[in-house]
**Student:** 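Below: one structure in structure tokens.
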Amino acid sequence: MTLTVASWNVNSVKARLPNVLDWLSEAKPDVACLQEIKTVDEGFPRMEIEDLGYNIETHGQKSYNGVAILSKHPIEEVRCGLPGDESDEQARYIEAVISAETGPVRVASIYLPNGNPAPGPKYDYKLAWMERLRLHAKNLLAFEEPLILAGDYNCIPRDSDCWDIAEWESDALALPQTRAAFRALKWLGLTEAFEQLDGRGHQYTFYDYQAGRWNKGHGIRIDHLLCSPQAADRLEAIEIHTKTRGKEKASDHIPIVGSFSL
DNA sequence: ATGTCGTGCTGCGCACGA
């Protein structure tokens, strides 16, 4: 059996609804982790997406942030919010266990803080959030089960993951501390799916709306799937659905889809 | 390029976040 797990920052699920429905209908991912839904739970276009055969769990918020997990298989054990800071009110993390036909797969939809401007309080929040994610991922890895942490990590892992590092080297998405925190996460034993199976430079998942970045090919790779050993062993393909970025009313992010023999 | 989007109210143009 193949289980496909996708991550897509939709930049408002309501503004993006036709694009989201088109993509779900064509790509038919078994599991889709969405970020920046930009709506409270009650505002999520539930019926339209359920009609395509998806179960839905959301962790929404007014105006900003908000994450969701869509699944063609039953969803269990839902957790909303990243542990480690009771005062954090930003909706950036939802996790659930998917009852796939061959067994349970734990999946998280992650919207990691942008962190700009850096340095500053927003960057401090980003780094603290990444450390909380590391501690939580460490606990999840102890289950020794298939685990996929999918999301917008707001991290450019390598210089070759952007069109011109000179434009990004002092940005919160590429600063050494950001990359170090991302590596620390991987050092727990998580495999980054694209790096493992493809690894080419200049394969982008985000093109800013501004300055004609899409038309110029000026993108960055910041959306990632991090896999536990039990998921990485079953990873068979990774695809970036670049075509979605060229459509009318496109999100600035592009879906990334992993295929697992699970 | 001060370049574009999406949200929500200080609201029909602006501030903010990205």
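In what follows, chains carry the letters A, B, and so on, assigned in the order in which the sequence lines appear, proteins first and then strands, with residues in each chain numbered from 1.
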**Student:** Without decimals, in angstroms, what is the distance between Phe206(A) CZ and dA18(B) P?
**Tutor:** 11 Å

**Student:** 5'-most contact on DNA chain B: Asp252(A) or Asp208(A), nearest heavy atom basis?
**Tutor:** Asp208(A)

**Student:** Is Lys38(A) close enough to dC5(B) that one of its side-chain N or O atoms is under 4.0 Å from OP1 or OP2 there?
**Tutor:** no

**Student:** Rounded to whole angstrom, note down the C1' distance from dG11(B) over to dC16(B).
**Tutor:** 15 Å

**Student:** Have Tyr209(A) and Asn11(A) got a donor and an acceptor in their side chains that come within less than 3.5 Å?
**Tutor:** yes

**Student:** Could you measure the distance from the CZ atom of Phe182(A) to the OG1 atom of Thr178(A)? Nearest 0.5 Å is fine.
**Tutor:** 11.0 Å

**Student:** dC5(B), OP1 or OP2 - any side-chain N/O from Arg16(A) closer than 4.0 Å?
**Tutor:** no

**Student:** Which nucleotide wins on minimum distance to the side chain of Ser63(A), given the candidates dA18(B), dG8(B), dG6(B)?
**Tutor:** dG8(B)

**Student:** Does the side chain of His241(A) come within less than 4.5 Å of Val257(A)'s, by heavy atoms?
**Tutor:** yes

**Student:** Rounded off to whole Å, could you give me the CD1-to-P distance for the Ile37(A) and dG17(B) pair?
**Tutor:** 19 Å

**Student:** Taking atom P of dA18(B) as reference, at what distance in whole Å does atom OH of Tyr111(A) sit?
**Tutor:** 5 Å

**Student:** Tell me the interatomic distance from Leu112(A), atom CG, to dG17(B), atom P, rounded to whole angstroms.
**Tutor:** 17 Å

**Student:** For the side chain of Lys122(A), starting at C-beta, report the closest nucleotide among dA18(B), dG8(B), dG6(B).
**Tutor:** dA18(B)

**Student:** Select from Gln90(A) and Asn11(A) the residue whose nearest nucleotide in DNA chain B is closer to the 5' end of that strand.
**Tutor:** Asn11(A)

**Student:** Between dC5(B) and dT10(B), how far apart are the P atoms? Round to whole Å, please.
**Tutor:** 26 Å

**Student:** So Ala211(A), base contact, sugar-phosphate only, or nothing? Heavy-atom distance under 4.0 Å.
**Tutor:** base

**Student:** Select one nucleotide: of dA18(B), dT7(B), dC9(B), the one nearest the side-chain heavy atoms of Lys62(A).
**Tutor:** dC9(B)

**Student:** Whole Å only: how far is the NZ atom of Lys247(A) from the P atom of dC5(B)?
**Tutor:** 18 Å

**Student:** Asn65(A) CG to dC16(B) C1': how many Å, rounded?
**Tutor:** 13 Å

**Student:** Write down the distance separating the P atoms in dT2(B) and dT7(B), rounded off to the nearest Å.
**Tutor:** 25 Å

**Student:** Counting any heavy atom closer than 4.0 Å, what does Arg245(A) reach on the DNA or RNA strands: base, sugar-phosphate only, or nothing?
**Tutor:** nothing

**Student:** Measure CD/Glu36(A) against P/dG8(B) and give the value in whole Å, please.
**Tutor:** 13 Å

**Student:** Would you check, one step at a time, whether the test salt bridge (Lys or Arg N to Asp or Glu O under 4.0 Å) holds for Arg132(A) with Asp88(A)?
**Tutor:** CA-CA 11 Å; Arg132(A) 285 164 58 198; Asp88(A) 185 0; 2.8 Å; yes

**Student:** Scan Tyr207(A) against the nucleic acid and name what it touches under 4.0 Å (heavy atoms): base, sugar-phosphate only, or nothing.
**Tutor:** nothing

**Student:** When the distance from CZ of Phe44(A) to P of dT7(B) is rounded to whole Å, what number comes out?
**Tutor:** 14 Å

**Student:** When you compare the side chain of Arg179(A) with that of Ile156(A), does any pair of heavy atoms fall below 4.5 Å?
**Tutor:** yes

**Student:** Quick one: are Ile56(A) and Thr58(A) in side-chain contact, heavy atoms under 4.5 Å?
**Tutor:** yes

**Student:** Base, sugar-phosphate or nothing for Lys216(A)? Non-hydrogen atoms, less than 4.0 Å.
**Tutor:** base

